[in-house]
Amino acid sequence: MKKPTKKEARPHGQVRRSQLLTTFGPGALIDLPKHSVLVSGLDDWRQKGPPLDEPRLLEKIRRFLPDIHELREPPIDPDPQRPTAGVTVWQFPEWFVTQDFVQGRSRRLVHRRLLMRGKLEDEDDRRKKYSVVPVRFVRACPKGHIGDIDWWGLVHEGTPRKPECRRLWLEEQGSSGDLASLWVRCDCGKRRSMAAASKREYKALGPCDGSRLWLGRSAEREECDEPNRLLIRSASHAYFPQLLSVISLPEQDDPVMDAVIGEWESLQEVDSLKELQMLCKLLKKVETALQGLDNTAVLNAIRARRNGGQASSDPALSVKDAELEILTAPTDPIGRDHPDSVFYARVFTPALPVGVNPQTGTPTVDRILLIHRLREVAAQVGFTRFEAVSPKTDGELPELEIGVERAALGLDTHWLPAIDNRGEGIFIGFRRDAIQQWLHQPAVIQRHEQLLQGFKAWLAEHPKSERTFPGADYLLLHTLSHLLLTVIALDCGYPASSIRERVYASHLGYGILLYTASPDAEGTLGGLVKAGERIHDHLQAALEWGRLCSNDPVCAGHRPDDPYERRFLHGAACHGCLLIAETSCEQGNDFLDRTLVVPTVDNSAAAFFPDPP
C-alpha cells in the first residue's frame, strides 16, 4: 500500500463534507481522476473540523463507544494546493492492468512495483511505456477487512511458481463482460475464471488475513476466520456507513445551561470549583456571562453537558421516544421562532378531517405539525461491507450485526465525524385508540402472522441479528410513510431522494415525520411546510396510489415466507409501488406491506383504510 506523494496528492480530488460521512467515509474506495484510493481512518486525517454540539447524540454513542468524547464536523479545505490540507488517502489497489499492452484479448496484470512513474516499460524497448489503470477486483470479508487479491495464488491454486511463470494476464472472452467470460492467465499456461473467485464455496481467494489498510501501516492485523470474498471496487455493497442520527430537541429555558453553552469553548475542561473561579479571574467574558449564577450549579451544568446530558429529555428514553414526546407536546408553538433555534413548529388545523375511516366516519389523524425549523445531527460510528445495518425501529443502533461486523473508523481516536443538517418537515400524529382497535381485528391478526413467518425465515438466515419483528402497527405507518413521501415529492419541489422519514410506533403514541435536511439552504426552502397545508389531499392521493401496483396481482399476492422469491421482509411491496431510495428509508426498504394500509386485489380485509360500505 502506498501513500501518494505530495506532488501526486495535491489537486486530485475533492468531495462534499457531508459525503465524508456517507459515500466516502473512512474505509471507502474512491476513484479520483488519476488514482484509485482508500480513505484513511480518523487517525490520519490531516485536519479536524469544528466541534459539533449535540449532547443527546453523544450520550447515545458513548453507551457502546465509551472512549468517544466529542463530535466534530468534517474538515474544511480552504486551499487544496497545500500538501497538509484535507483528508489522507491511501493508494489502493496496488495491482493494475495495461490499457494498450494487449495480446489478442488479454491485458497485462502488473503490480505497482513494476511501474515507472505510473507506467509500464516495455521489457525489450525501454522507450515504450504503456498506461495502466487500477484493477477493478479486490478481496474483502464481512468484518470490513480489505486487501489486494493474491493473483498468483488464484491462478496456480496453491502450487509453487515455476521459472516460466513470468507474467499474468487478464483475458476477456465473449462480449458480455460477465465474470464467467473473464479469465486470469499465467505464461506457464495455467488460468482460472473470475467466476470461480466469486463463488464462496470454492474459497478461491483464501482466508482473510485481517488487513485494515484504511487505518495505515501501523494498524495491526486482526484475527479473522472469514474466507475472502470477491469485491468489485465500484459495487454498491462495497461500503455501507453506519450512522446514528437524532432530531435536536428545543431547548428548555435554563439560564445556567444557556450561559454554559455560550462559553462552552472556555468551560468544557473545567472540573472543579477552584478551576471555575480561576477561569473567571483570567477571562473577563466568562465572568460576565456567569455573573449572578451559583458556581455549584454552573459546575453541575458543565459536567452534565460533558457527559452527554440533555435537559430537555429523559436520558433513559430511546432516540425516537424522546423526539415523540416533543412532537406530541400540548404546547403550540413548539420551540422558538428565531433564526438560531434548532426547532420551531406550529400545529396546523386543516379545514377537512384528515384520514377519516370510510366505514366508521371517524378521523384517524389527531395532530398535524408544520415544522418550520428542524436540526438533524448524524454521526458515523463505523461501516460495514456486503450488507447494510439499519438502526432499530426505536432509533437505537443494534449491538450485534446481521452477518457483518462494524469496522472501526480509527485506532486511537476520541472523536467521531458528524454533520449538522438544517431543514423542515411535517409530522402526522395518529390516534392511538384507532390503531389499537385495528390491531385486534381477525384479518389483521392473520396478516400479522403471515408477515411474522416471513421474518422468522429471514432470521433463520441471520441468526446473529438483534432485529425483532416490529409489529403490524409499525408496518402500517412505515408503508403509509412511503406512499406519502412519493406523493408529496411530486408537489413540494424536493426530489423524493432528499426527503427522509422517521416512523414512531411505541407505547407513547404513533406518528410519521417526513423531513428534509441538508448542510446548506436547500433543506429550508419551505416546500414541505406548504405541502403540509394540503395534507388532506396528499393523504387521499397516497391511499389511491397504494390500491393498485403495476406489478399486481404478483405484487399483492406475494407471500413473505416464499422460499423462492426470498423477499422475507416484504408483504405486498415492490419497486412498482413502495420501494424508494434507501437513503430516504430508515429501514433500508424492509418491513413494508400495502395490504395493511388499503385494500389490494389479493386482500381487502386487513386494511386500516378500508373501502366505504
Side-chain angles (χ1 to χ4, degrees), residues 1 25-29 38-43 64-67 90 92-95 135-160 179 184 192-233 235-242 380-390 397-413 457-467 566 568:
M1 183 177 65
L29 297 103
L38 190 67
V39 180
S40 71
L42 300 179
D43 304 289
F64 56 91
L65 295 175
D67 293 334
W90 305 102
F92 179 79
E94 295 190 318
W95 282 85
V135 69
R136 61 190 178 106
F137 303 106
V138 296
R139 61 173 175 85
C141 87
K143 293 184 178 181
H145 304 140
I146 196 167
D148 276 297
I149 293 174
D150 178 7
W151 293 100
W152 293 102
L154 175 64
V155 175
H156 297 93
E157 300 184 52
T159 60
L179 289 179
V184 184
R192 199 170 190 186
S193 170
M194 288 301 298
S198 67
K199 295 180 179 178
R200 299 183 199 175
E201 60 269 22
Y202 291 168
K203 298 182 179 179
L205 300 181
C208 177
D209 62 0
S211 297
R212 298 183 291 172
L213 300 182
W214 68 95
L215 298 181
R217 296 181 182 277
S218 62
E220 296 181 0
R221 294 181 176 180
E222 291 183 320
E223 291 186 8
C224 186
D225 55 359
E226 295 282 348
N228 280 313
R229 299 186 192 178
L230 184 68
L231 181 65
I232 299 175
R233 290 188 294 107
S236 60
H237 68 319
Y239 186 81
F240 293 104
Q242 192 166 24
Q380 184 180 5
V381 300
F383 68 89
T384 59
R385 303 196 196 276
F386 297 108
E387 194 162 0
V389 179
S390 301
L397 282 178
E399 295 181 7
L400 300 176
E401 315 303 339
I402 56 173
V404 293
E405 290 189 17
R406 181 190 305 131
L409 301 182
L411 285 173
D412 186 26
T413 181
W458 178 89
L459 200 60
E461 295 187 351
H462 302 84
K464 294 182 179 180
S465 175
E466 215 180 59
R467 251 179 171 179
R566 305 186 62 77
F568 300 127

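Both backbone and side-chain heavy atoms feed into the values below; hydrogens, waters and symmetry mates do not. Along the sequence shown, residues are numbered consecutively beginning with 1.
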Could you go through Phe240 and His237, starting from their C-alpha distance and side-chain angles, then the distance that decides it, and tell me whether this counts as side-chain contact (heavy atoms from CB on, under 4.5 Å)?
CA-CA 7 Å; Phe240 293 104; His237 68 319; 3.8 Å; yes
Apply side-chain contact (heavy atoms from CB on, under 4.5 Å) to His462 and Glu387, showing your working.
CA-CA 11 Å; His462 302 84; Glu387 194 162 0; 3.4 Å; yes
Go through it in stages, so that I can follow the logic: the residues are Ile232 and Phe137, the test is side-chain contact (heavy atoms from CB on, under 4.5 Å), and I'd like the CA-CA distance, side-chain angles, deciding distance and then a yes or no. CA-CA 5 Å; Ile232 299 175; Phe137 303 106; 3.9 Å; yes
*asked:* Using the rule given for side-chain contact (heavy atoms from CB on, under 4.5 Å), can you reason through Arg233 versus Leu38, listing the C-alpha separation, both sets of side-chain angles and the distance that settles it, and then say yes or no?
replied: CA-CA 10 Å; Arg233 290 188 294 107; Leu38 190 67; over 6 Å; no
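A donor-acceptor pair is defined here as one N or O able to donate and one able to accept, closer than 3.5 Å; such a pair exists between the side chain of Arg385 and the backbone of Ala238. Using a distance-only test at 3.5 Å, with no hydrogens or angles considered, a donor-acceptor pair links the side chain of Asn228 to the main chain of Leu205.
With rounding to the nearest 0.5 Å, the separation of CG in Leu179 from OG in Ser193 is 7.5 Å. With rounding to the nearest 0.5 angstrom, the OG atom of Ser211 is 10.0 Å from the CD atom of Glu222. Atom CD of Glu226 is separated from atom NZ of Lys143 by 6.0 Å, given to the nearest 0.5 angstrom.
The shortest non-hydrogen separation linking Ala204 to Ala196 is CB-O, 3.8 Å. Of all heavy-atom pairs between Met194 and Leu154, the closest is SD-CD2, 4.2 Å. Across all their heavy atoms, Leu230 and Ala197 have their closest contact at CB-O, 3.8 Å. Across Trp151 and Val135, no two heavy atoms sit closer than the pair CZ2-CG2, 3.9 Å. Minimum heavy-atom separation, Ile149 to Arg139: CG1-N, 3.8 Å. Here the closest heavy-atom approach between residue Gln380 and residue Tyr239 is recorded as NE2-OH, 2.8 Å.
At a threshold of 4.5 Å between non-hydrogen side-chain atoms, the residues Leu213 and Trp90 do not count as touching. Put simply, the side chain of Leu231 reaches to within 4.5 Å of the side chain of Phe386, judged on heavy atoms.
Note: Trp214 and Phe383 meet the aromatic proximity criterion, with ring centroids under 6.0 Å apart.
A side-chain contact (heavy atoms from CB on, under 4.5 Å) with Pro26 is found for one member of Leu42, Leu215, Thr413, Asp43 and no other, namely Leu42.
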